[in-house]
Student: 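Before I ask anything, let me first share the structure, which is written out below as structure tokens.
Residue indices begin at 1 and follow the sequence shown.
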Amino acid sequence: MVNDPYFRVELLSAMPNPQQLIWAAMHQDYSEDLVADQGDRFPNEAKAGELVIKHLLQGNRGHFGPIEHPQIVFNVGFFPHSTMQQLRTHRVGVSFDVQCLAGDTEITFVNCKGETNRKLRKSIAELYDLWTNGEQAVRERQIQGRKGQPPGTYRRDCRKRLQKMRLRALNEETGLFETGSIRDVMCSGLQPVYRLTLENGRTLDCTTNHRLFTPQGWQTMAEAVGLATDDQGEVLSIERDRFIMCNGIAIEAETPIYQNESWLVYQIQQGKTAPEIARVAQCSSRTIYTWAERYGLSLPKSHQGRRSGDRARFKNHDRPVHRELEWLTDKITAGYHADEMAEMAGCSVSAIKKWVYFHGLTLNKRPPGSEIPWNKNRGGYRLNLSENARDARRALGHKITRRGAASHFWRGGVSSDRVMNAAWTRQVAPQVHQKFDYTCQNCGVRGGELHAHHLVPVYADPKLAYDLDNLVTVCRACHQNIHHNHQEQAFAERVEHQVLLKAPLESWQKKPQPGSRKLQAHPVRVIAVEYLGVQMTYDLEVEGPWHNFVANGLVVHNSFRYSGMRILDVLSGKRTVEEIFYLRPVGDYSDRQGKKYFYSPAQRQADLDWCLAACQRYQQRIQEGLSEEHARGLIPFDVRQHFVMSCNARSLMHILDLRAKADAQLEIQRLCDLLMGHFKQWMPQVADWYETNRLGKARLSP
């Protein structure tokens, strides 16, 4: 038997007094009265267990139906996927990656501006009903539907509309909220549900294994709050100093993100170095160091140094061939072109060009016209429609197209001042360009793509918006640079001596700044956890780069069972290969036929390297646009799997009979060993009898 340090089996729920229940079901078979009326005279749990053993199990009477009534549910974690597949062949219920929320959990949707709206609020149970059954039509069907639906009230499919709704999701890299979309809404059945209460008054009803976002990253609810429960699921204790990331601290749009202290703290808590934070904030590493020092924050080290015994990097013998002057000179002299050289060296064409120019060489160029254009002799796009078909399409388009006030693009019939001013500016632009001899008044270049620019901007003095003398000629690049970099006043000062300003600089109104639409996640303390019992539960599957959403104001993970974030965590160093993939330890083994073999350290290391290479290939396929479930086919079969297992007392003994024996798979033997510990706590007398008389003897269960 292997004893992997990651293997876990935790109790989710167990029916109380199971031995009393078996005794009552057994007693009912021989009683004329209703057993429920004798509840006050039932033997206690220990005595009931002794009677069950004496009158049912020891006698091997064959009528073992009463043992099927008590139910128990386990959460199994970190076992190889093959173990779960073996377990599913027995009389048990198995579901994997089940993360669930209660039906009244409110899901946050946003409008096109990223703002929440009361009209967009939906509970997850309501979403499931709409997703599964459709929305109630506002009118009745007068005739039979195309698919034979009867007349009357009906519900119509609305999945496409729900998929277009903007779901608030957290960018885990920046800590700022963005949007995602729904891929699927699912019902996860009856599950034990707990209520988390936060310091700000928010609550969330979920299962213990639903993942929540914390300052330390993704954790299950039980891990996030340090939850301890008894056999009935009641809360014994939680760790008080635990935080969950919640929705919504606004960040000023005009303030660079790296100047926000809470944002920097969040990035440092994720373990990112200064260069990594700088890449997210689009600034230099020096800037990150400066602001971290200003707030008294300590940044992780960017360099871990070279371990003793490691080979030094960038030695001459490790230098790629396309960087060598001699190799490049030989290939150019031989008449090879850049793409041919790149194929020989196993690099990109850009890398060849870079090192050719670095060494002062000149590439061979193909003569013009020697390449055949990809679209030569290919016609344009067209529809092969008959004249009658074209007329029918025009008539249908005229009939169903919404025009005027009925159109989705209707804006009230009057253009905005901004649109009207832009149209007037384009209309008079030829006169402006002629006045300035078609020369940009910023860079002095004549000709090209020219724009008419308001010297006194419209925001500075709206009265001059339609003044022809307030317009000057600039090229497109200069025009974009002036407005994008807020250089309107500096440009006006430079040309003031050439053109008389219609409004003095000191009288200009301040340039309006767009309102902040960025929200940052922030941690809130958990103050209480309460067991609510078994409830119907639901979950979402989210489309987009970030597989999470906001539920009751808390950031939670979706149930995306094909999510590969933990696989990608191996490449980023957040997890080890052994945390994600299971490999047996080095040692002597034998198969079922008795053939013995030795699993060597070299073989195990080669298998670890293979798992790491599979992670790299998975990441490559994801970056190439493959779906997660498609790319997951590249992952070794014994990836570690979390799953929920439910069974009754009889099927539990059946599993132990078949899988706790000596010739069973070693990993499932360890699973049976862990299950046996919970079995003893749940049904002490029956479990002791089973351990003495049946365990490991390969008998079929009663």
Side-chain angles (χ1 to χ4, degrees), residues 95 98-169 179-191 193 195 202-207 210 247 396-412 532-544 547-554 556-561:
S95 58
V98 176
Q99 309 172 61
C100 313
L101 300 171
D104 59 354
T105 304
E106 184 179 290
I107 308 302
T108 300
F109 292 92
V110 297
N111 58 21
C112 59
K113 298 180 180 179
E115 302 166 345
T116 55
N117 190 313
R118 296 184 65 88
K119 295 181 180 180
L120 299 175
R121 292 181 178 177
K122 293 279 188 291
S123 71
I124 195 167
E126 183 182 359
L127 280 173
Y128 177 74
D129 181 52
L130 292 171
W131 186 268
T132 306
N133 304 315
E135 61 183 347
Q136 183 68 45
V138 296
R139 60 183 182 181
E140 295 186 5
R141 183 185 286 116
Q142 301 299 321
I143 61 175
Q144 190 179 44
R146 288 178 296 178
K147 298 182 180 180
Q149 303 96 328
T153 58
Y154 67 99
R155 305 185 74 166
R156 59 187 178 190
D157 183 77
C158 60
R159 288 193 178 188
K160 289 185 178 179
R161 184 168 63 83
L162 292 176
Q163 288 173 333
K164 291 179 181 179
M165 293 177 65
R166 299 174 181 87
L167 191 70
R168 177 166 286 172
T179 58
S181 59
I182 296 175
R183 174 181 287 186
D184 194 9
V185 187
M186 60 210 74
C187 177
S188 302
L190 293 171
Q191 299 283 344
V193 173
R195 172 167 293 170
R202 293 188 180 274
T203 62
L204 178 70
D205 300 344
C206 65
T207 56
H210 199 103
N247 172 27
L396 183 62
H398 184 77
K399 179 181 178 181
I400 67 175
T401 301
R402 298 183 177 186
R403 293 177 172 81
S407 172
H408 294 301
F409 303 102
W410 180 254
R411 295 178 179 270
L532 301 181
V534 177
Q535 296 184 11
M536 190 61 70
T537 55
Y538 307 86
D539 207 352
L540 300 180
E541 185 176 333
V542 178
E543 183 81 56
H547 300 296
N548 63 69
F549 58 97
V550 176
N552 282 5
L554 283 70
V556 303
H557 205 283
N558 73 169
S559 70
F560 193 50
R561 63 183 55 175

Student: Where do Glu135 and Cys158 come nearest, in terms of heavy atoms and distance?
Tutor: N-SG, 3.8 Å
Student: Just wondering, do Glu543 and Ser181 contact through their side chains at under 4.5 Å, heavy atoms?
Tutor: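 Yes, at least one pair of side-chain atoms sits under 4.5 Å.
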Student: Any chance you could lay out the side chain to side chain contact (heavy atoms under 4.5 Å, CB included) test for His210 and Val556, step after step, and finish with the verdict?
Tutor: CA-CA 8 Å; His210 199 103; Val556 303; 3.8 Å; yes
Student: Can you tell me how far apart CG (Asp184) and CZ (Arg159) are? Round to the nearest 0.5 Å.
Tutor: 6.5 Å
Student: Check side-chain contact (heavy atoms from CB on, under 4.5 Å) between Asp129 and all other residues, then give those that pass, not counting sequence neighbours.
Tutor: Asn133, Arg155
Student: How far does CD1 of Ile124 sit from OH of Tyr538, to the nearest 0.5 angstrom?
Tutor: 9.0 Å
Student: Nearest 0.5 Å, please: how far is CD1 in Ile107 from CG in Leu540?
Tutor: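 Leu540 atom CG to Ile107 atom CD1 measures 5.0 Å (nearest 0.5 Å).
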Student: To the nearest 0.5 Å, how far apart are CZ in Phe109 and CZ in Arg121?
Tutor: 13.0 Å
Student: Side chain of Asn552, backbone of Glu106: donor and acceptor closer than 3.5 Å?
Tutor: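 Checked: pair present.
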Student: Rounded to the nearest 0.5 Å, what's the gap from CD on Gln535 to CG on Leu101? Could you check?
Tutor: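 Rounded to the nearest 0.5 Å, the CD-CG separation comes out at 11.5 Å.
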Student: What I'd like to find out is whether the side chain of Thr105 reaches to under 4.5 Å of the side chain of Leu204, using heavy atoms alone.
Tutor: yes
Student: To check you understand the geometry: which heavy-atom pair defines the closest contact between Gly180 and Ala169, and what is its length?
Tutor: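 Gly180 and Ala169 have their closest heavy atoms at N-CB, 4.2 Å.
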Student: Using 0.5 Å steps for rounding, measure from the CG atom of Leu130 to the NZ atom of Lys122.
Tutor: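 These two atoms lie 7.0 Å from each other.
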Student: How close do Ile182 and Trp131 get, counting heavy atoms only, and between which atoms?
Tutor: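 Closest approach of Ile182 to Trp131, heavy atoms only: CG2-CZ3, 3.9 Å.
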